[in-house]
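Okay, so here's the structure we're looking at.
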There are 2 protein chains.
Amino acid sequence: MVAYSTMNDDAVFKALADASRRKLLDRLRQKNGQTLSELCHGLEMTRQAVAKHLAILQKANLVAWRREGRERLHFINPVPIHSIAERWISKFEHPRLQALAKLKRNLEGKES
Amino acid sequence: MVAYSTMNDDAVFKALADASRRKLLDRLRQKNGQTLSELCHGLEMTRQAVAKHLAILQKANLVAWRREGRERLHFINPVPIHSIAERWISKFEHPRLQALAKLKRNLEGKES
DNA sequence: TAGTTATGCAACCAAATGGTTGCCTATTCC
DNA sequence: GGAATAGGCAACCATTTGGTTGCATAACTA
C-alpha cells in the first residue's frame, strides 16, 4: 500500500520547467555532493542565481544539502521524479505508436 | 535506431508546469476530441485564457486540433510525454528506495 | 435573413520569474 | 590576526506569464 501525497506535484513540475534547473540536476546526477561554488562553474549566471535555483529544487524535494564547515554539499533526490513519472505520466500508458496513428486519423477527420 | 530531437523538451516541460494545462490534458484524456467551449466548462477562467493554454500545449506538440465547421476539435498527443519519461526521467533509474536511503546517509554526513 | 453560437485576435494588466548588484557573516589558511 | 574563500540576505529590475476585456468574424439555426 502506497500513500503518496500528490500535493507538491506542482512544485516538482515547476522546478523541472527551467532548463538551468534541469542542468543542475544533471550535474548532480553525474557527481553527487557538490558544493554551491562547484555547481556554479561553467554556468553563465551568478552564484546567487544558482542558489535561488537550488532553493527551488529543494522546495520541490528534488535536492537536499547539508552544511559542512563553510561549504554546502548538495545531494539529488530522484524519488519525486519517479513518483510523478509513475503516477502521472503512466496515465498516458497507451501503446504510443498506436496513439499517434489514432491522433493522425482524428486530425484527418476519419472516425477512429 | 531512434533519432529523437531533444529540441522541444523545454516546451514540453514548460507546458506541463502549469496546473491548468495539466488539467486540460487530463480532461482530454478522459474524453478526446472536445471543442474549445466544451473544454472551458467548469474551469474558472475565460475562453480566451483556455485558448492560450491550448496554444501552448499545441506548440509543445501535446495537443492537436482540427477545424470542423465553426468548432475546433482537440486531440491529445501522448507521445512527447512518453519520450521525455523514457529518455530524461529514466536517467534517474537507480533503485529508488536505495537512492533515498543514500540521500539520508549523505545528509547525515556518513560516507555512503 | 436575423439571432445565436463558436471561435479569432489584439491590447492591456498584475504578478511571478529569473536574473542582477551590493553588502554582510562565517570559515579556513598563512 | 588578516586575507581569502564560501555562502546568506535583501533590494532591485526587465521580461515572461496567466489572465482579462473588447471587438470582429464565421457558421449554424429558426
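Hydrogens, waters and symmetry mates play no part in the numbers below; they use all other heavy atoms, side chains included. Below, chain A is the first sequence line, B the second, and so on; all start at residue 1.
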Whole-Å distance between [N] [atom2] and [X] [atom1]?
X	N	atom1	atom2	value
L16(B)	dG18(D)	CG	P	12 Å
H53(B)	dT17(D)	NE2	P	12 Å
M45(A)	dT17(C)	CE	P	16 Å
K14(B)	dT16(D)	NZ	P	10 Å
D10(A)	dG18(D)	CG	C1'	13 Å
E71(A)	dA6(D)	CD	C1'	7 Å
L36(A)	dA6(D)	CG	P	10 Å
L24(B)	dG18(D)	CG	P	12 Å

query = Is there a side-chain contact between N77(B) and V63(B), using heavy atoms and a 4.5 Å cut-off?
reply = no

key: Under-4.0 Å side-chain N/O to phosphate OP1/OP2 contact, T46(B) with dG19(D)   = no

ask   = Taking only N and O in the side chain of R67(B), is any of them less than 4.0 Å away from OP1 or OP2 of dA27(D)?
value = no

inquiry  = How long is the straight-line distance from CG of L57(A) back to CG of L25(A), given to the nearest 0.5 Å?
reply    =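 If we round to the nearest 0.5 Å, L25(A):CG and L57(A):CG are 5.0 Å apart.
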
Nearest-nucleotide 5' precedence on DNA chain C, S20(A) against A51(B) =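 Upstream on the strand: A51(B).
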
message = On DNA chain C, does the nearest nucleotide to E68(A) precede the nearest nucleotide to D18(A) from the 5' side, or the other way round? Give the residue.
response =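 The residue closer to the strand's 5' end, by nearest nucleotide, is D18(A).
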
request  = Measure distances between side-chain N and O atoms of Q48(B) and base N and O atoms of dG22(D), and say whether any donor-acceptor pair falls under 3.5 Å.
outcome  =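 Per atom types, the contact qualifies.
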
No-H, no-angle donor-acceptor pair, R70(A) side chain to dT5(D) base, under 3.5 Å = yes

task = Scan S37(B) against the nucleic acid and name what it touches under 4.0 Å (heavy atoms): base, sugar-phosphate only, or nothing.
result =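 Result for S37(B) = sugar-phosphate.
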
ask   = Between R29(A) and D26(A), is the closest basic N to carboxylate O distance under 4.0 Å?
value = yes

inquiry  = Does this structure show an ion pair linking E38(A) with R27(A), if we count only N-O contacts that are shorter than 4.0 Å?
reply    = no

inquiry  = If you only use heavy atoms from C-beta on, which nucleotide in dG7(D), dG8(C), dG19(C) is closest to the side chain of R72(B)?
reply    =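 Per side-chain heavy atoms of R72(B), the pick is dG8(C).
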
task = Would you name the heavy atoms of G33(A) and L28(A) that are closest together and state the gap between them?
result = N-CD2, 4.3 Å

task = Could you check I56(B) against R47(B) and say which one's nearest nucleotide on DNA chain D is further toward the 5' end?
result =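 By nearest-heavy-atom nucleotide position, the 5'-most residue is I56(B).
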
